[in-house]
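Read the structure below first, then the notes.
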Amino acid sequence: MRVGIVILPEDRWWAAEPKWRVAEEYGFDHAWTYDHLGWRSLVDGPWFSAGPTLAAAAMVTSTIRLGTFVASPNFRHPVPFAREVITLDDLADGRLVLGVGAGGQGYDAEVLGTPELSPGRRVDRFVEFVDALDGLLRTDGFDYSGEYYSAKGARNLPGCVQRPRSPLLIAANGPRAMAYAARQGEGWITTGQPGAVSTQEQWWQGVATLSARFDETLAETGRGEVVRCLSLDAAPVFSLSSREAFVDAVGRAQELGFTDVVVHWPRSGEPYQGQESVLEEVAADVLPGIQGREPVSDDSDG
């Protein structure tokens, strides 16, 4: 089991920089930030861009994997984004992990003034986005023609440090997107079944259902095992509300076949409200005992 942590891009760098350093010192396997223009209840507050944040984080760390949790086509085009990915992987010396998702409703989808897409159309656009991004990162002089995106002779030199490209972890909760993740990604990210849940047990039951569905979907592709990453804080109970909550959540995720879990740096208010003392306790007493904590790697044929 590998454990990662999300650091929201809401603090000025003098306050954010120590968190990225400490995440590595604590022994987390990967550290992530949200890739939004603004996010939910925090949209009226301070917010910084994911790309420059990860570039700065790469400069103050040396071993921890760094990633987007998650990039989406809501405000991105795969051609310029591929250049960002190549640059970030270079700055991180091959430590970038690229989480990607279809993008939902809300500020990111509205701020550019484009028409709202149905869930099915968002998946259509997402498949194009990832297919194009995959080709752009692998191939110099890449051409692509789709309904949503196009590229003509797009250059990618020098390419990613990681070959053939930085690993893609595809966020998916619905059946169609999960099938695409099983076919295309080096890994799968999930937040649990869509829709509101009122209890912790209901959430875990939904996660178990999705995990079983992904098992079946992956078997149908004929591929071997891939990275399976669960966002623990999509649950009603914050994973770092206590040491016991964290240990229970990691254990349950492992039983369901997840290879990786992700938690969030505790904040002073909602969401992810908690005490940094719990994070410190978990880092000191729990993380060292979790076995098999090797970095996410691009071992799949993708």
Side-chain angles (χ1 to χ4, degrees), residues 1-9 11 13-35 48-71 84-100 137 158-169 185-187 189 225-233 239-240 246 250 253-254 258-266 276 278-300 302:
M1 176 64 71
R2 294 172 292 258
V3 183
I5 190 164
V6 175
I7 300 170
L8 296 187
D11 296 319
W13 188 242
W14 64 264
E17 186 261 2
K19 295 180 182 179
W20 293 92
R21 287 183 184 270
V22 168
E24 181 170 84
E25 293 169 3
Y26 279 169
F28 284 98
D29 295 285
H30 27 82
W32 311 76
T33 199
Y34 283 3
D35 187 29
F48 295 94
S49 178
T53 296
L54 291 173
M59 297 295 97
V60 299
T61 58
S62 60
T63 59
I64 193 170
R65 303 282 285 186
L66 304 172
T68 52
F69 205 76
V70 293
E84 287 192 31
V85 171
I86 291 167
T87 303
L88 286 170
D89 196 50
D90 181 67
L91 292 172
D93 196 21
R95 291 183 287 131
L96 183 69
V97 185
L98 190 59
V100 292
L137 293 175
C160 294
V161 173
Q162 301 173 89
R163 296 296 185 180
R165 53 155 171 72
S166 302
L168 284 169
L169 272 60
E186 281 72 54
I189 298 173
E225 286 300 311
V226 300
V227 172
R228 299 161 66 125
C229 181
L230 177 62
S231 178
L232 293 179
D233 296 328
S239 63
L240 291 175
F246 176 80
V250 171
Q254 195 163 22
F258 288 93
T259 62
D260 295 71
V261 294
V262 173
V263 301
H264 289 71
W265 196 282
E276 290 192 11
V278 175
L279 172 60
E280 294 169 0
E281 181 182 6
V282 164
D285 300 337
V286 182
L287 287 187
I290 297 176
Q291 300 299 314
R293 293 169 52 243
E294 306 230 342
V296 177
S297 61
D298 187 3
D299 295 329
S300 168

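Just so it is clear, the model here is predicted, and its values are computed rather than measured.
The pair Arg165-Glu186 meets the salt-bridge criterion, since a charged nitrogen lies less than 4.0 angstrom from a carboxylate oxygen. Salt bridge annotation for Asp89-Arg95: absent, with no cationic side-chain nitrogen under 4.0 angstrom from a carboxylate oxygen.
Inter-residue side-chain proximity for Leu168 and Val100 is flagged as met; some heavy-atom pair is nearer than 4.5 Å.
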**OP:** Evaluate side-chain contact (heavy atoms from CB on, under 4.5 Å) for Trp32 paired with Val97, printing each intermediate quantity in order.
**Re:** CA-CA 9 Å; Trp32 311 76; Val97 185; 3.6 Å; yes
Subject >> Pair Cys229-Val261, side-chain contact (heavy atoms from CB on, under 4.5 Å): steps then yes or no >> reply: CA-CA 5 Å; Cys229 181; Val261 294; over 6 Å; no
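Without hydrogens or angle criteria, Thr259 side chain to Arg228 main chain gives a donor-acceptor distance under 3.5 Å. Judged purely by atom type and a 3.5 angstrom limit, Thr68 has no side-chain atom pairing as donor or acceptor with the backbone of Leu98. When atom types are taken as modelled, the side chain of Asp29 and the backbone of Val3 share a donor-acceptor pair closer than 3.5 angstrom. Judged by distance alone, with hydrogens and angles left aside, the side-chain atoms of Glu24 form a donor-acceptor pair with the main-chain N or O of Thr63 at under 3.5 Å.
The CH2 atom of Trp20 lies 10.0 Å from the CH2 atom of Trp265; values are rounded to the nearest 0.5 Å. For the atom pair OG1 (Thr87) and CG (Leu96), the distance works out to 10.5 Å, reported to the nearest 0.5 Å. Distance check: Glu17 CD to Asp11 CG gives 12.0 Å after rounding to the nearest 0.5 Å. Here the OG atom belonging to Ser231 is positioned 8.5 Å from the CD1 atom belonging to Ile189, to the nearest 0.5 angstrom.
For Phe69 and His30, the ring centers sit 6.0 Å or farther from each other.
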